[in-house]
Amino acid sequence: KNVLHRDIKLDNILLTSQGDVKICDFGVSKLVAAGERMTEQCGTPAYIAPEVFKNQGYEGFASDIWSAGVVLYAMLFGAVPFKASNMAELHKQVLERQPTYKEEEISFEALALLKGILEKDPTVRLTSD
């Protein structure tokens, strides 16, 4: 439907009594045309994709996928992949470090999915297509 959420995080994902997943809080969402590039930085810092931090423009759908990957990582490991005491350090971590995975704690398939979603290069990151 060409809607970017731009703030996918654990707090914005709900589960119904029937087990259906619902996304809420579309306060910073945006309706975009295919291929449209964003320039503004919005969302919750620990969930923001590397390309957003670069301030060079980005296509929002890949950044929403990254944020969903951070959610999945947090669900599997109990914490987000990057944490810092200030924004400058968080930016540096997201841009320069790879997430660490406790490979013995999750299945091969879950690990492959996480690595595909938390791919720093948005052009090769997994998509929803």
Side-chain angles (χ1 to χ4, degrees):
K1 302 216 185 246
N2 291 336
V3 175
L4 301 177
H5 188 278
R6 303 196 306 174
D7 195 21
I8 293 175
K9 60 184 178 180
L10 284 168
D11 295 353
N12 290 340
I13 299 178
L14 308 173
L15 196 61
T16 69
S17 59
Q18 292 79 31
D20 297 323
V21 174
K22 301 281 184 171
I23 298 175
C24 67
D25 190 359
F26 284 78
V28 294
S29 66
K30 185 173 183 177
L31 184 61
V32 297
E36 183 178 343
R37 294 186 65 79
M38 308 291 106
T39 55
E40 60 273 347
Q41 212 178 87
C42 58
T44 303
Y47 295 81
I48 294 176
E51 63 270 18
V52 177
F53 284 139
K54 290 181 180 178
N55 290 319
Q56 299 172 344
Y58 61 95
E59 290 192 31
F61 298 110
S63 64
D64 272 357
I65 294 292
W66 172 277
S67 299
V70 173
V71 168
L72 178 60
Y73 185 101
M75 290 170 64
L76 292 171
F77 297 117
V80 294
F82 304 104
K83 285 192 255 179
S85 58
N86 61 64
M87 283 299 291
E89 181 59 31
L90 181 64
H91 284 209
K92 185 176 180 181
Q93 285 181 20
V94 171
L95 289 170
E96 297 175 6
R97 282 189 19 211
Q98 293 297 323
T100 56
Y101 302 101
K102 301 171 192 162
E103 296 183 23
E104 67 282 354
E105 293 184 12
I106 61 174
S107 70
F108 171 80
E109 293 82 5
L111 179 63
L113 179 62
L114 267 180
K115 286 183 175 182
I117 293 174
L118 294 178
E119 164 61 49
K120 298 229 185 251
D121 182 348
T123 65
V124 295
R125 186 175 301 146
L126 291 177
T127 68
S128 60
D129 296 335

Checklist entry - Excluding sequence neighbours, so at least two apart, what forms side chain to side chain contact (heavy atoms under 4.5 Å, CB included) with Leu10? => result Tyr47, Val71, Ala74, Met75

Would you mind writing out the side-chain donor-acceptor pairs for residues 106-122 within the sub-3.5 Å range, not counting sequence neighbours?
{"unit_1": "Ser107", "atom_1": "OG", "unit_2": "Ala110", "atom_2": "N", "d": "3.0"}
{"unit_1": "Glu119", "atom_1": "OE2", "unit_2": "Asp121", "atom_2": "N", "d": "3.0"}
{"unit_1": "Lys120", "atom_1": "NZ", "unit_2": "Val94", "atom_2": "O", "d": "2.2"}
{"unit_1": "Lys120", "atom_1": "NZ", "unit_2": "Arg97", "atom_2": "O", "d": "2.6"}
{"unit_1": "Asp121", "atom_1": "OD1", "unit_2": "Thr123", "atom_2": "N", "d": "2.9"}
{"unit_1": "Asp121", "atom_1": "OD1", "unit_2": "Thr123", "atom_2": "OG1", "d": "2.6"}
{"unit_1": "Asp121", "atom_1": "OD2", "unit_2": "Thr123", "atom_2": "OG1", "d": "3.2"}

Checklist outcome for this item: Residues joined to Val124 in its hydrophobic cluster, side chain to side chain under 4.5 Å directly or through other members, sorted by chain and number, are none

Do any side-chain atoms of residues 33-41 form donor-acceptor pairs under 3.5 angstrom with protein atoms, and if so which ones, sequence neighbours left out?
{"unit_1": "Glu36", "atom_1": "OE1", "unit_2": "Ala33", "atom_2": "N", "d": "3.0"}
{"unit_1": "Arg37", "atom_1": "NH2", "unit_2": "Gly57", "atom_2": "O", "d": "2.7"}
{"unit_1": "Glu40", "atom_1": "OE2", "unit_2": "Arg6", "atom_2": "NH1", "d": "2.4"}

Item to check | Shortest non-hydrogen separation from Ala79 to Tyr73 and the atoms involved | outcome: O-CD2, 3.0 Å

Checklist entry - Could you give all pairs that pass the salt bridge (charged side-chain N to carboxylate O under 4.0 Å, His left out) test and reach residues 52-74, with sequence neighbours left out? => result none

Item to check | Nearest non-hydrogen partners of Leu90 and Ala46, listed with the distance | outcome: CD2-N, 3.8 Å

Item to check | Euclidean distance, Glu96 CD relative to Phe82 CZ, rounded to 0.5 Å | outcome: 10.5 Å

Item to check | Within residues 10-46 or reaching into it, pairs that qualify as ring pair (Phe, Tyr, Trp, His ring centres under 6.0 Å) - sequence neighbours excluded | outcome: His5-Phe26

Item to check | Set of residues satisfying side chain to side chain contact (heavy atoms under 4.5 Å, CB included) with respect to Thr127, sequence neighbours excluded | outcome: Asp129

Checklist entry - CG of Asp7 to OG1 of Thr44: how many Å apart, nearest 0.5 Å? => result 3.5 Å

Checklist entry - Which residues pass the side chain to side chain contact (heavy atoms under 4.5 Å, CB included) test with Ser63, sequence neighbours left out? => result Ala49, Glu51, Val52, Tyr58

Next on the checklist: Just so I know, are the side chains of Val70 and Pro81 near enough to count as touching, which here means a heavy-atom distance under 4.5 Å?
Outcome noted: yes

Checklist entry - Taking only residues two or more places apart in sequence, or in another chain, which ones meet Asn2 in a side chain to side chain contact (heavy atoms under 4.5 Å, CB included)? => result Leu31, Phe61

Item to check | Verdict with supporting geometry, Val21 and Leu14, side-chain contact (heavy atoms from CB on, under 4.5 Å) | outcome: CA-CA 6 Å; Val21 174; Leu14 308 173; over 6 Å; no

